[in-house]
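Below: one structure, written as structure tokens.
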Amino acid sequence: MTREAAAQILERIALLLELKGENPFKIRAYKTGAEVVESYAGDVMQLAIENKLAGIKGIGDALRDKLHEMATTGKLEFYENLRSEFPESLFELFEVQGLGPKKIAALYTELGVGSIADLKRVCESGEAARLSGFGGKTVVKILESIAFRSEHASEFRVDQVYGLAMDILEALRSHPAVSRAEVCGSFRRGKETVHDLDFLCSTRKPEEVIEYFVKLPMVEKVIAHGGTKASVYAPNGVQCDLRAVSAQEFPYALIYFTGSKEHNVELRQRALDQGWSLNEYAFTPVEGKESRPLPSVHDEAELYRSLGLDFIEPELRENIGEFEAAEKGQLPHLIQLENLRGVFHNHTTASDGMASLREMAEAARDLGMQYLGIADHSKSSFQANGLNETRLLAQIEEIREMNEEFEGHFRLFSGTEVDILKDGSLDFSDEILAQLDYCVASVHNVFNLPEAEMTQRIIRAIENPHVTMLGHVTGRLLLQRPSYAVNIPAIIDAAAETGTIIELNASAWRLDMDWRWWKLAKEKGVKCSINPDAHSTRGLQDVLFGIRSARKGWLTRKDVINCLPLGEVEKVLKKKRPD
DNA sequence: GCCGTTTTCGGCCCGACTGTTTTCAGTCG
């Protein structure tokens with residue numbers, strides 16, 4: 001059993017216990033246990049097999065035994081018994097905004113609601129509104145949330161498919177008859193969510209490769225299975241398609257299946273202008289039309305070159321200006337993961353992180369970073385164990401001492417993720433903020449302000465000279481919660497005017513600010529910080545998702561402050577400070 | 001269910017907002 005599966009079972013136990021009205025602290029223990037399993041730095045499942053989990057904080061005797069049972073037998077009897085009391089589809093109700101355990105329990109026991117479909121029915125029929133504690137507005141909110149969810153049905157966040165994509169790609173590349181293989185589609189274009197995974201490979205033996213693909217261990221169900229193409233479902237419901245083509249066809253097919261559709265339409269038009277027709281297999285001369293000799297194409301770059309274009313990176317293929325830039329040799333040299341020198345906005349056990357300051361520092365060093373910025377929550381974020389002034393000052397001191405120990409080989413920056421309060425004031429005074437190396441300001445509550453008020457609230461925070469950067473500007477949770485109402489161009493203008501950095505929150509749940517705004521921000525001279533918002537040592541690796549979005553937003557290493565080496569990045573952090 | 005140089009019981013994270021109420025329960029962060 002994988003750690004993800006084990007963590008999910010613990011999470012589900014917590015949900016089921018909530019429905020049964022169990023002791024909330026017991027429920028929290030299961031939730032904490034799930035987080036520990038998910039984010040533990042070592043091989044937690046191997047430890048579970050060997051029954052060596054004792055001593056890990058958050059895992060006591062009961063969870064240790066349950067994890068041992070899961071790791072060795074692949075099942076958990078306690079969980080099997082518990083889940084048999086409810087329909088499997090009940091879990092999806094927890095994803096509806098405005099529904100918690102109490103309301104779900106009421107819906108289930110009073111009306112027999114066991115799925116989203118049931119829920120929709122009783123909301124529309126008026127039955128739900130008659131339940132005690134429910135009313136017209138509750139029902140409207142529920143229906144809105146269901147609609148949002150169905151708009152994004154069968155979409156997945158990148159973190160939900162990334163491992164699967166890499167595993168399948170590796171499996172394909174390891175097959176002796178496969179010469180080249182790639183993931184295509186929106187995944188390759190760096191989209192924030194995807195609805196399926198498209199694989200392409202070149203081979204002389206397509207049937208053999210297709211046969212191999214549909215029998216891979218991660219295949220749950222085969223949907224279609226032909227000589228050059230197959231579609232399958234992975235266990236988490238992700239559809240994966242494979243196309244097998246010849247080596248000659250590969251570059252054409254790679255471009256075709258990478259898309260976007262809009263990009264391909266423009267590309268085919270440009271081919272037609274040369275007298276060539278372009279499809280997923282080749283250029284062919286258009287009949288009855290004067291044309292130059294067909295170019296020889298071995299890879300994507302040659303195909304673009306043959307049309308008078310520089311190579312267009314997959315992330316840029318949305319037909320939003322990349323052709324004009326490619327014609328003029330003005331495409332940006334996109335940022336790469338290797339360019340990052342450090343990261344800001346990370347949490348520790350001082351607030352709601354899973355790893356200590358030292359563990360986070362060591363993990364960042366192991367990843368080859370030169371510096372790590374700590375930004376734990378501020379006191380208003382009670383739920384996240386936010387730091388008050390006393391604890392923050394103590395952390396500053398702890399960081400100072402640790403930095404002496406590092407002797408300049410590595411540096412911790414002391415910061416905070418300070419709450420932007422309802423009126424735009426901050427959760428810490430300027431005197432306190434002045435003692436930090438930097439400050440991330442974020443909205444964590446009162447999401448329902450009218451747009452003008454929310455925008456003004458954030459701008460007021462940005463105008464504070466101690467606010468180095470703005471955290472997750474829209475508050476969205478991908479596929480779960482839409483952005484609050486906010487005028488992004490106005491925020492970008494204010495950031496440009498005040499010299500405030502805007503974060504690209506790299507958590508796969510957020511990817512916020514969205515890639516669609518970065519071109520504008522860049523034009524206005526606003527700098528970006530790619531921030532993992534890590535709550536564990538593993539969370540630091542989310543920068544990978546941030547890099548994908550930054551590339552999609554046309555950003556180069558010059559636009560992203562955490563590409564700067566130690567010795568230079570400090571100046572950027574100080575830029576807004578009065579002194 | 002977890003945790004403990006205040007150890008084996010008794011705490012455990014708290015406040016705002018919303019919509020339903022007529023004084024508060026449920027949800028969220």
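By convention in this document, chain letters (A, B, ...) are assigned in the order of the sequence lines, proteins followed by strands, and residues within each chain are numbered from 1. Computed from a predicted model, the values in this text were never measured in an experiment.
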Separation between the [atom1] atoms of [N] and [M], rounded to whole Å:
N      : M      : atom1 : answer
B:dT8  : B:dC14 : C1'   : 28 Å
B:dG1  : B:dT6  : P     : 27 Å
B:dC13 : B:dC3  : P     : 13 Å
B:dT23 : B:dC17 : C1'   : 16 Å
B:dT7  : B:dC12 : C1'   : 15 Å
B:dT21 : B:dT27 : C1'   : 16 Å
B:dC28 : B:dT22 : C1'   : 24 Å
B:dA25 : B:dT20 : C1'   : 9 Å

Could you tell me the separation between the [atom1] atom of [X] and the [atom2] atom of [N], rounded to a whole number of Å?
X        : N      : atom1 : atom2 : answer
A:Phe78  : B:dG1  : CZ    : P     : 6 Å
A:Tyr484 : B:dA16 : OH    : P     : 19 Å
A:Phe447 : B:dC28 : CZ    : C1'   : 8 Å
A:Ile420 : B:dA16 : CD1   : P     : 18 Å
A:Ile27  : B:dC2  : CD1   : P     : 14 Å
A:Leu67  : B:dG1  : CG    : C1'   : 13 Å
A:Lys31  : B:dC28 : NZ    : C1'   : 11 Å
A:Gln480 : B:dT27 : CD    : C1'   : 13 Å

| task | Identify the residue among A:Val158, A:Asp542, A:Asp159, A:Leu478 that makes a side-chain contact (heavy atoms from CB on, under 4.5 Å) with A:Trp509. | result |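 Going through the options one by one, the only one that passes is A:Asp159.
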
Give every pair of a protein N or O atom and an N or O atom of nucleotides 3-11 of chain B that lie under 3.5 Å apart, one pair per line with the distance.
| unit_1 | atom_1 | unit_2 | atom_2 | d |
| --- | --- | --- | --- | --- |
| B:dC3 | OP1 | A:Gly58 | N | 2.4 |

| message | Looking at B:dT8, which nucleotide sits across from it as a Watson-Crick or G-U wobble partner, both distances under 3.5 angstrom, or is there none? | response | none

| query | Within less than 4.0 Å of OP1 or OP2 of B:dG1, is there a side-chain N or O belonging to A:Lys66? | reply | yes

| Using a cut-off of less than 4.0 Å, is there contact between a side-chain N or O of A:Thr32 and OP1 or OP2 of B:dG1? | no

| task | May I have all residue pairs that pass ring-ring contact (aromatic ring centres under 6.0 Å, His included) and include part of residues 415-441 of chain A, sequence neighbours excluded? | result |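 Listed by first then second residue: A:Phe344-A:Tyr438.
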
| message | I need the single residue from A:Lys31, A:Arg12, A:Lys102 that forms a salt bridge (Lys or Arg N to Asp or Glu O under 4.0 Å) with A:Glu18. Which is it? | response |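 The single option meeting the salt bridge (Lys or Arg N to Asp or Glu O under 4.0 Å) with A:Glu18 is A:Lys31.
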
Testing the basics here: between [X] and [Y], what is the closest heavy-atom pair and its distance to 0.1 Å?
X        : Y        : answer
A:Trp517 : A:Pro489 : CZ3-CG, 3.6 Å
A:Asp533 : A:Asn346 : N-OD1, 4.3 Å
A:Met454 : A:Val446 : CE-O, 3.5 Å

| said: Can you tell me how the ring of A:Tyr162 sits relative to the ring of A:Phe545, calling it parallel under 30°, perpendicular over 60° and tilted otherwise? | reply: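 The rings of A:Tyr162 and A:Phe545 stand perpendicular, inter-plane angle above 60°.
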
| Centroid-centroid distance, A:Phe91 to A:Phe86, less than 6.0 Å | no

| Just checking, any donor-acceptor pair under 3.5 angstrom between side chains of A:Ser381 and A:Asp419? |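 Checked: A:Ser381/A:Asp419 side chains pair up, N/O donor to acceptor below 3.5 Å.
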
Identify all pairs in which a protein N or O lies below 3.5 Å from an N or O of nucleotides 12-14 of chain B, and state each distance.
| unit_1 | atom_1 | unit_2 | atom_2 | d |
| --- | --- | --- | --- | --- |
| B:dC13 | OP1 | A:Arg28 | NH1 | 2.2 |
| B:dC13 | O2 | A:Phe382 | O | 3.1 |
| B:dC13 | N3 | A:Gln383 | O | 3.2 |

Would you indicate what [X] reaches in the nucleic acid, counting non-hydrogen atoms under 4.0 angstrom: base, sugar-phosphate, or nothing?
X        : result
A:Ser381 : nothing
A:Gly33  : nothing
A:Pro101 : sugar-phosphate

Counting only side-chain heavy atoms from C-beta out, which of [options] sits nearest to [X]?
X        : options                : answer
A:Lys137 : B:dC17, B:dG19, B:dG26 : B:dG19
A:Leu63  : B:dG26, B:dG1, B:dC17  : B:dG1
A:Thr138 : B:dC2, B:dG19, B:dG26  : B:dG19

| field | Chi-angle category of B:dT5 [syn within 90° of 0, anti beyond] | value | anti

| request: With DNA chain B as reference, determine whether A:Gly98 or A:Ala62 sits nearer its 5' end, using the nearest nucleotide of each. | output: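 On the 5' side of the pair lies A:Ala62.
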
| request: Carefully, step by step, assess A:Tyr30 and A:Leu17 under the rule side-chain contact (heavy atoms from CB on, under 4.5 Å). | output: CA-CA 9 Å; A:Tyr30 276 100; A:Leu17 294 178; 3.6 Å; yes

| field | Geometric cation-pi criterion A:Arg538 and A:Tyr40, 6.0 Å radius, 45° cone | value | no

